[in-house]
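These notes are about the structure you will find just below.
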Amino acid sequence: MKKLVFEIKFKSAVILQATSNTQGKIDTLDFIPGSNFLGMAARKYSEFSDAFAVFHSGKVRFGDASPFVDEKEYFKIPLSYFHEKLEADKFYNHHLIFEKNNFDKFTQLKQTRSGYMSESYDRHDIDYEYSQKSGYDAKNRRSKEGAMYGYRAMKKGSVWRFVVSIDESVSGSDIELLKKTLTQSTRLGKSKSAQYGAVEINFIDTTPKTWEKFTPKLSEFTYLYVASRLVLVDESGRASLDLKHLCSGLSDENISYEKTQIRTSSFTPFNVARATKDYERVCINKGSVIVLKDLSKEQISRLENGVGAYLSEGFGEVVINPKILSKGSEKNEPIEFKKDENSSVAANLKEPTTPLGKILYARKKEQEELMYIAQEVAKFIKQYGGKFSGIKNSQWGAIRAICRISTNENIANNVNNFITKGIKVKLWKKKEAGDFLVKEIRKAGKNALNFTQLLSMKITRGER
């Protein structure tokens with residue numbers, strides 16, 4: 001298929017909601033679905049020479065848009081990426097840990113469920129802004145009672161790219177009309193008639209992204225990265241989450257469930273042309289990782305051509321054996337992302353001047369400090385917890401009591417007095433545990449009191 005690459009820039013904040021609901025808590029998407037671009041093109045529906053081929057046959061596929069930052073294309077971090085709790089800077093591929101049975105080397109693994117990455121392992125997180133709104137009471141000329149609501153929108157200035165795949169049988173005139181219609185579109189998302197949704201779309205004469213692949217060590221396995229949402233259907237045409245419907249000929253024996261990591265969602269799209277909702281769609285989310293085995297060449301070819309239903313709207317794209325699923329197999333060889341300072345809220349946060357802003361800013365700094373201390377305590381227990389294996393819980397309880405009457409300046413001396421003059425001096429002298437503890441408390445500096453208090457709490461829970 002011929003592929004056309006387009007670039008979209010936000011000239012204002014853009015609201016893209018995950019459902020068509022208008023009440024209750026509504027989640028916000030972190031990508032631009034291809035259905036938005038199909039809708040833009042459909043404004044000229046009657047002008048296409050073969051509208052059925054363009055919009056209904058699957059010969060034209062409007063792909064999802066993904067972030068484009070610093071001349072790099074980004075994609076959802078695979079759901080197979082896990083990190084140890086409180087150590088969110090080193091990642092491991094779950095299916096490779098399973099293959100080597102390395103789970104006992106980890107304390108507690110946590111799945112990474114948000115964020116984008118590039119193939120060079122740069123990380124990018126989407127920035128949002130929140131606005132509180134109110135309905136208007138025209139009669140009384142004031143805010144309408146009980147009509148408060150809020151919008152969470154992607155920030156102005158972000159750049160995204162998407163690909164429109166076109167079959168060779170589509171006429172050249174329809175392709176030109178498609179390009180013209182998309183590049184003339186200027187609105188996207190919800191609340192387009194208000195302050196949101198202004199965009200600029202340009203056709204980019206460039207080669208679409210190609211994925212770097214790898215050859216699995218176990219040749220019977222095939223690794224699928226879900227690059228867009230999947231809607232699977234069974235033999236009767238009903239929505240299904242059964243992975244054997246990825247392509248014909250699959251059975252449960254072909255699916256490695258223990259290595260597979262998926263998340264699902266559902267939504268009911270609203271069709272503007274018909275002014276009604278369509279059937280509910282049950283989806284396997286972007287970023288999911290599916291591991292299959294013993295596939296034939298014909299089945300692999302079918303998977304590469306698109307999976308499931310609604311291909312015209314960008315659904316059904318999978319990548320077979322991308323290299324990003326081959327790393328992070330050993331604990332001493334983790335995947336480490338480069339920091340994305342441009343998208344970091346903390347990096348761009350300026351100290352506020354309003355009273356409320358100062359309170360919230362102070363609270364944020366306090367939370368960041370506590371998180372840092374928690375990470376330091378976790379690392380300390382993991383590396384040196386064995387030194388304190390003979391220390392009874394009652395001793396740590398006494399140290400917690402000392403914390404209540406101490407400050408950052410004197411906590412180290414108070415703890416030192418307790419372990420050198422108390423009745424359990426011999427316990428603290430074993431492995432030089434007491435000297436080592438006091439040394440670490442002094443190293444904590446301005447965080448000494450919080451470090452000591454949290455350490456004495458966590459080390460009694462069997463976490464050493």
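The figures here come from the full heavy-atom set of this structure, side chains too, leaving out hydrogens, waters and symmetry mates. Model, not experiment: these values are computed from the prediction.
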Using the ring centroid of each side chain, check whether [X] and [Y] are separated by less than 6.0 Å.
{"X": "F106", "Y": "Y92", "result": "yes"}
{"X": "F55", "Y": "F48", "result": "yes"}
{"X": "H94", "Y": "F103", "result": "yes"}

Taking atom types as modelled and ignoring hydrogens, do the side chains of [X] and [Y] form a donor-acceptor contact shorter than 3.5 angstrom?
{"X": "N285", "Y": "S288", "value": "no"}
{"X": "S240", "Y": "D234", "value": "no"}
{"X": "R43", "Y": "T181", "value": "no"}
{"X": "K3", "Y": "S165", "value": "yes"}

### Any residue meeting salt bridge (Lys or Arg N to Asp or Glu O under 4.0 Å) with R363, in chain and number order, not counting sequence neighbours
none
### Message
Give me each pair satisfying salt bridge (charged side-chain N to carboxylate O under 4.0 Å, His left out) with a member in residues 108-117, each pair once, sequence neighbours excluded.
### Response
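Qualifying pairs, neighbours excluded: none.
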### Query
Does the pair K156/E129 count as a salt bridge with the N-to-O cut at 4.0 Å?
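Judged by the 4.0 Å cut-off on N to carboxylate O distance, K156 and E129 do not form a salt bridge.
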### Task
May I ask you to decide if T264's main-chain N or O and R229's side chain share a donor-acceptor pair within less than 3.5 Å?
no
### Task
Report yes or no: does S191 contribute a side-chain atom to a donor-acceptor pair with the main-chain N or O of Y196 at less than 3.5 Å?
no
